[in-house]
Protein chains: 2
Amino acid sequence: MTVVNFPSKSRPGGQRRRRPEIIEAAARVFAERGFHGTATQDIADLLGIRQASLYYYFPSKEAALEQVCLKGVEGFFEAAKLIAESNASARERLSLLINSHLSPLADRADFVKVFLNERQHLPTESRRRVGRWSRGLERIFEDVIRQGVAAGEFRADVNPRLAALAVLGMCNAAASWYRKENVGISRLSVEFARLIVEGLGKRDPPPRRHR
Amino acid sequence: MTVVNFPSKSRPGGQRRRRPEIIEAAARVFAERGFHGTATQDIADLLGIRQASLYYYFPSKEAALEQVCLKGVEGFFEAAKLIAESNASARERLSLLINSHLSPLADRADFVKVFLNERQHLPTESRRRVGRWSRGLERIFEDVIRQGVAAGEFRADVNPRLAALAVLGMCNAAASWYRKENVGISRLSVEFARLIVEGLGKRDPPPRRHR
DNA sequence: GATAAATTCTATAAACCGATAGATGGCTTT
DNA sequence: AAAGCCATCTATCGGTTTATAGAATTTATC
């Protein structure tokens, strides 16, 4: 009976310890050339193994995309939901939402990028799933903005739906250039949050003083 | 000698009158499935012709992409430059820039979308070209914002580079959802411009009145 | 209506790519 | 060191896709 808790027995079908590394390589290449622009050979090259060896780690190229996308959205929704449900002001919550939405760029930019650009190529089932997920996130932003309007924190003539899409678009676009620009996430978050809440314009052009 | 100015003689190698239609079909399919996700067969299907017939209109699939991308950026830069060089206020110019940047979505959303999402797959030479073009446009937005800061119209602590990327990201993202959301360009432009210049926040939370 | 030009078709070559099957070697455990 | 599992390899099949060649058909011109 000797039950062993070492890495043995427990798994009937292989451990595949290198799996995370494989998925990371896939993310890198997918991010750079896109899903259909990538041959499985490209992933193998990056890893220094043979093309066919990849199939020990996933059953199909699409399955690999699915894994990458999953890691690309992991936690987003939950974090956003927590923030949205806190009882801070709408301004504060929106700023936190922006920060939370940008944070993953720091350590998994490729995964996020692949999710954003390649999710359309997921098999039907999981594409639907991430569709729902995506709409849920939009809704969270939209609701916080709507609450801000209702509370008198935000302008009354704001269209919460459009504003939410604007904010998300702005943040998501950062995935494309975050690495090239030399700016940290916290700096970026602050800049974006202030841009959205306060705008670019100066508050009170003070009554013109004579020099 | 009889020189004819009718549509004859002038072109030695064919007229290819259907070319615009062909390119439009390519744009449609590229926009939906991406460049590498599209087979030339798909374009042919949409047109009701045979796959091989396409090659009467362009020498390669990449060349078709090039044409689509070209139409996707046509005029952007020139329009933006004119606006940036006008002597309106920075606020006004930025609003006009946003409007001008969104306008093409009305009648060539597919072309714009393809340019934004698929330009990475252009052959090296033209990719470099649109790279320069793209940076030029960023620069225009950035400069107007910088001038607004210098003129005291915009907050002094704004990072013009990041703000420009934010605005462009916001506008470009609209290409993905413009059709689904039922909103006209003018409405969208106004909303976005106000969002960027004034922000979401209310100006003067008036000294708290009783209820 | 004859002729020429423009357009579309059929047929197919050649390369590429995803995926499977089964062999091989190395590491772990007993 | 024997046994078994884990990981990778070799070899290859079948399907897809881009692109070319040349015939056939339609359209325009005189």
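Quick note on labels: first sequence line is chain A, next is B, and so on, each numbered from 1. What you see is a predicted model; the values in this text were computed from it and never measured.
Between Glu62(B) and Arg127(B) there is no salt bridge, since no side-chain N of the basic residue sits under 4.0 Å from a carboxylate O of the acidic one. Remark: Asp110(A) does not engage Lys113(A) in a salt bridge, criterion side-chain N to carboxylate O under 4.0 Å. Of the charged side-chain nitrogens involved, none lies within less than 4.0 Å of a carboxylate oxygen, so that Arg161(B) and Glu191(A) do not count as a salt-bridged pair.
Phosphate proximity of dT8(D) to Tyr56(A): absent, as no side-chain N or O sits under 4.0 Å from OP1 or OP2. Contact between the side-chain N/O atoms of Ser53(A) and the OP1/OP2 oxygens of dA7(D) is not found at any separation under 4.0 Å. Between Thr40(A) and dC17(C) there is no side-chain polar atom (N or O) within less than 4.0 angstrom of OP1 or OP2. A close approach under 4.0 Å does occur between a side-chain nitrogen or oxygen of Arg50(B) and OP1 or OP2 of dT10(C). In this model, the phosphate group of dA19(C) is approached by a side-chain N or O of Tyr55(A) to a distance below 4.0 Å at OP1 or OP2. For Arg18(B), a side-chain nitrogen or oxygen approaches OP1 or OP2 of dT8(C) to under 4.0 Å.
Distance, Ile49(B) CD1 to dA6(C) P: 18 Å, rounded to whole Å. Rounded to an integer number of Å, the gap from CG of Leu47(A) to P of dA7(D) is 14 Å. In this structure, CG of Leu54(B) is placed 15 Å from C1' of dT10(C), rounded to the nearest angstrom. Look at CD1 on Ile43(B): it is 18 Å from P on dT16(D), rounded to the nearest Å.
Within 3.5 Å, a donor on the side chain of Gln51(A) pairs with an acceptor on the base of dA19(C), or the reverse.
Comparing dA11(D), dC17(C), dT18(D) against the side chain of Ala39(A) picks out dC17(C) as the nearest.
In this structure, Leu195(A) and Met170(A) have side chains that are in contact, with non-hydrogen atoms separated by less than 4.5 Å.
No option in Phe35(A), Phe30(A), Trp133(A) other than Trp133(A) meets the ring pair (Phe, Tyr, Trp, His ring centres under 6.0 Å) test with Phe115(A).
Counting any heavy atom pair closer than 4.0 Å across all strands shown, Tyr57(B) reaches sugar-phosphate atoms only and no base atom.
DNA chain D is contacted by both Arg17(B) and Pro59(B); Pro59(B) maps to the nucleotide lying nearer its 5′ end (nearest heavy atom per residue).
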